[in-house]
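Note: hydrogens, waters and symmetry copies are ignored here, and every other heavy atom, side chains too, is used.
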Amino acid sequence: MLNKVKDYIKKYKLLDINELYLVALSGGADSVALLLLLDEMGFKVHAVHCNFHLRGEESDRDERFCENLCQQKSIPFHRIHFDTLMYAETHQISIEMAARELRYRYFEQLRQDIGAAGVCVAHHRDDTVETVLLNLVRGTGLRGLTGIQPRNGHILRPLLCVSRQEIEAYLKAKGQEYVTDSTNLEADVQRNVIRLKVLPLLKELNPAVAENIQRTAENLVEAQQVLDAVVKQFVDVKTLELSDLNKYGSSEYIIYQWAKQYGFNGTQVRQMMVAETGRVFSSPEGYDLLVDRERLLVEPSLKPFKPLRIPEEGTYILGNQSRLSVKKEPVWVSKDAAVATLDASKVHFPLTVRSVEDGDVMQPYGMEGRKLLSDLMTDRKMTLFEKRRQLVVVDAHNTIIWLVGIRIDARYKVENQTTEVFSLSFIR
C-alpha cells in the first residue's frame, strides 16, 4: 500500500518532499492511515483536528486519541473547537454544511499561518465510488461522474488510489488503533445509504464493482480534460456561431458549457437547440441569450431606457455611459453615421431621446416614402438585441427626426436654402 500511494502522489505531483503539509486528522481509520503513511514516506507534516461538539463525549474521545497519537509519533498537533449547532442555526444551513464550512475555512487559515503547501485529507477510492453513485442518482453531467479529484486548490487527496479495506488492512498490519464515528454506522444520510446498502448489493452482482467504477471515473477525467480544451476556445466569446461546432459532432455539450457561465441551465439549453430564431432566454445571473438564425448571442439583460427630454442645446448623459450632444452650427453635412446634421429651421424643441416603439415610422433619407422602423432595422439584418438597444430622437411634434446612428428623416435634411444646422452627435 505504501508503494501504491507513493506512485499515486508521483503520478499527480501532489506533494513535494521539501514542503510542509497539514493532515486533517479525525482519528478514524482513513485519516490515521494518511498521517502514518506520509510520516513514513518522510514528508514534513502537522496534524490538525476539529472538534465539532456534535457527539458529546465521543467527540472529546476522538480529540484525546488524536493528541496522544501525535505525541507518540512526535508530530506537531493543532486543534480547534467549534459550536457547530450555533453556526448552522445562525447561517440557516445544515449541520453537515456547517461542519464543512468551518473545517475548510480553518484549514486554509492555518495553512497560511504556518506556511504549509497544502492540506491533505483522507478521501479514498470508496468515497469516489459513493460520490459517482450519488451524482448518478441525483442527475449529473459528465463532470459529476468523474468522482473526487486528487487536487482541489490547496486540498490534496493522496489516498484516492486505495480502498477502505486496504486502509484497514494496513493499520491492522501495523497494530495501529483508530476510533470509529458511530454516526457512520447509521444509514440516515444519503451517502451512508449508498455505503451500507447500495454498494453491498452491487458487490453481489460484481465483487469488483468499486474498482470498475473508480477506473471508469478516471477514464472520464481524461475525457473531461479533452472536452475542457475544446470548450476553452469558446469561453470568452459573446456570439457562438453554430457552424463552428459542426466539426465536433455534437454541439449541445459545448453550448451548455458556454451558456452555463452566464447562468443558463441544462433545461434551457435543450430548449435553445430547437428554438426558433428570435427567441430570447433569460438567466438568474442577469443575462439574455438570443437564438439568431445560425448563432447564439448573449449579453447582460437590458434595463428599459428611460426617455430623456432635451429642452435646448447642450450635452446630455443618456444613462448608459453614452452621451448626446446638440449644437447649432453653420451649414455643413455630416458623413459620419454617429452625427446627424439637420436643417435648424425645421427642428422644434423640446427633443426627446427614446427607444424604438412598435408602429414607429419615418421618411428615411435616401429612400422613397415612409417606412416602419421595424422593417428598416430588419432590412439591415439587425439582431433583436440591436433592435431593442436602438434609440430615436423625436421633436416637439413627436416626429422621428433621427434613427440614431443610422439615418435621418428626409424632411429634416440640409438643403440649398438651409442657413444653419443642428448637429446631433452620439458619443459612446
Side-chain angles (χ1 to χ4, degrees), residues 91-93 97 135 138-144 224 227-228 230-246 248-308 317-324 352-360 372-394 400 403-406 426 428:
H91 292 83
Q92 295 185 326
I93 56 178
M97 182 60 70
N135 288 341
R138 293 167 178 166
T140 183
L142 181 61
R143 198 176 301 276
Q224 184 69 62
L227 288 170
D228 287 347
V230 171
V231 172
K232 186 177 181 180
Q233 61 187 301
F234 300 105
V235 167
D236 296 326
V237 301
K238 290 294 191 294
T239 300
L240 196 63
E241 299 289 346
L242 299 184
S243 59
D244 292 342
L245 309 183
N246 293 338
Y248 299 110
S250 175
S251 59
E252 185 171 337
Y253 180 83
I254 297 174
I255 293 172
Y256 171 70
Q257 294 298 327
W258 173 74
K260 184 176 68 172
Q261 65 185 322
Y262 302 109
F264 296 95
N265 59 42
T267 299
Q268 289 176 305
V269 169
R270 286 189 290 274
Q271 293 172 345
M272 293 170 197
M273 299 297 293
V274 296
E276 296 182 355
T277 291
R279 181 167 177 184
V280 175
F281 296 83
S282 298
S283 78
E285 303 297 325
Y287 286 91
D288 288 345
L289 187 149
L290 169 66
V291 178
D292 183 61
R293 301 178 182 87
E294 290 300 311
R295 57 182 177 168
L296 303 177
L297 295 81
V298 68
E299 67 175 30
S301 299
L302 186 68
K303 295 180 180 179
F305 181 80
K306 185 177 180 180
L308 176 66
I317 306 298
L318 299 182
N320 55 356
Q321 298 183 333
S322 57
R323 292 173 292 159
L324 183 68
T352 301
V353 183
R354 62 168 173 81
S355 300
V356 173
E357 298 175 352
D358 291 341
D360 275 346
L372 282 168
L373 297 194
S374 57
D375 292 340
L376 184 60
M377 292 186 291
T378 298
D379 291 344
R380 293 177 62 87
K381 293 183 168 51
M382 293 173 64
T383 69
L384 181 62
F385 283 169
E386 292 170 328
K387 291 177 180 179
R388 70 182 189 179
R389 286 195 301 269
Q390 181 62 50
L391 300 175
V392 295
V393 179
V394 301
I400 295 172
L403 182 61
V404 176
I406 297 179
F426 181 67
R428 291 190 183 278

task: For Val274, check side-chain contact (heavy atoms from CB on, under 4.5 Å) against everything at least two apart and list the hits.
output: none

- request: Kindly write out the residues that satisfy salt bridge (charged side-chain N to carboxylate O under 4.0 Å, His left out) with Arg143, not counting sequence neighbours, or none if the list is empty.
  value: Asp228

- line: Rounded to the nearest 0.5 Å, the CG atom of Asn246 sits from the OG atom of Ser251 at a distance of 7.0 Å

message: Tell me every residue that passes ring-ring contact (aromatic ring centres under 6.0 Å, His included) with Tyr287, counting only those two or more places apart in sequence or in another chain.
response: Tyr262

message: Listing request: all salt bridge (Lys or Arg N to Asp or Glu O under 4.0 Å) pairs with a residue in residues 248-269, at least two apart in sequence or in separate chains.
response: none

Nearest atoms (heavy-atom pairs only) where Gly263 meets Glu285: CA-CG, 3.4 Å

- prompt: Residues two or more places apart in sequence or in another chain: which of them pass side-chain hydrogen bond (donor to acceptor under 3.5 Å, both in side chains) with Ser282?
  reply: Asp288

- request: Provide the full list of salt bridge (Lys or Arg N to Asp or Glu O under 4.0 Å) pairs with a residue in residues 375-387, sequence neighbours left out, each pair given once.
  value: Lys371-Asp379

task: Tell me, please, which residues at least two apart from Gln233 pass side-chain hydrogen bond (donor to acceptor under 3.5 Å, both in side chains).
output: Tyr248

query: At what distance, to the nearest 0.5 angstrom, does CD1 of Ile406 lie from CG of Leu391?
result: 10.0 Å

message: Looking at every non-hydrogen atom in both residues, tell me the closest pair between Val269 and Ala259 and how far apart they are.
response: CG2-CB, 4.2 Å

Output side-chain donor-acceptor pairs under 3.5 Å for residues 290-297, partner residues at least two apart or in another chain, one line each.
{"residue": "Asp292", "atom": "OD2", "partner": "Arg295", "partner atom": "NE", "Å": "2.9"}
{"residue": "Asp292", "atom": "OD2", "partner": "Arg295", "partner atom": "NH2", "Å": "3.1"}

task: Please check if atom CE in Met97 has more than 12 non-hydrogen atoms from other residues, nucleotides or ligands closer than 6.0 Å.
output: no

query: If you draw a 6.0 Å radius around CG in Asp358, do more than 12 non-hydrogen atoms from other residues or ligands fall strictly inside?
result: no

- request: Please collect all ring pair (Phe, Tyr, Trp, His ring centres under 6.0 Å) contacts where either partner lies in residues 263-284, sequence neighbours excluded, each pair once.
  value: none

field: salt bridge (charged side-chain N to carboxylate O under 4.0 Å, His left out) against Glu276, all qualifying residues, sequence neighbours excluded
entry: none

statement: The complete set of salt bridge (Lys or Arg N to Asp or Glu O under 4.0 Å) pairs with one or both residues in residues 298-307, sequence neighbours excluded, reads Glu299-Arg388, Glu299-Arg389

- request: Please identify each residue that fulfils salt bridge (charged side-chain N to carboxylate O under 4.0 Å, His left out) with Arg270, with sequence neighbours left out.
  value: none

Phe234 versus Leu240, closest heavy-atom pair with distance: CD2-CD1, 3.6 Å

- prompt: Is it true that a side-chain atom of Gln257 and a backbone atom of Ile254 form a donor plus acceptor pair closer than 3.5 Å?
  reply: no

- line: Here the pair of heavy atoms bringing Phe305 nearest to Leu318 is CE1-O, 3.1 Å

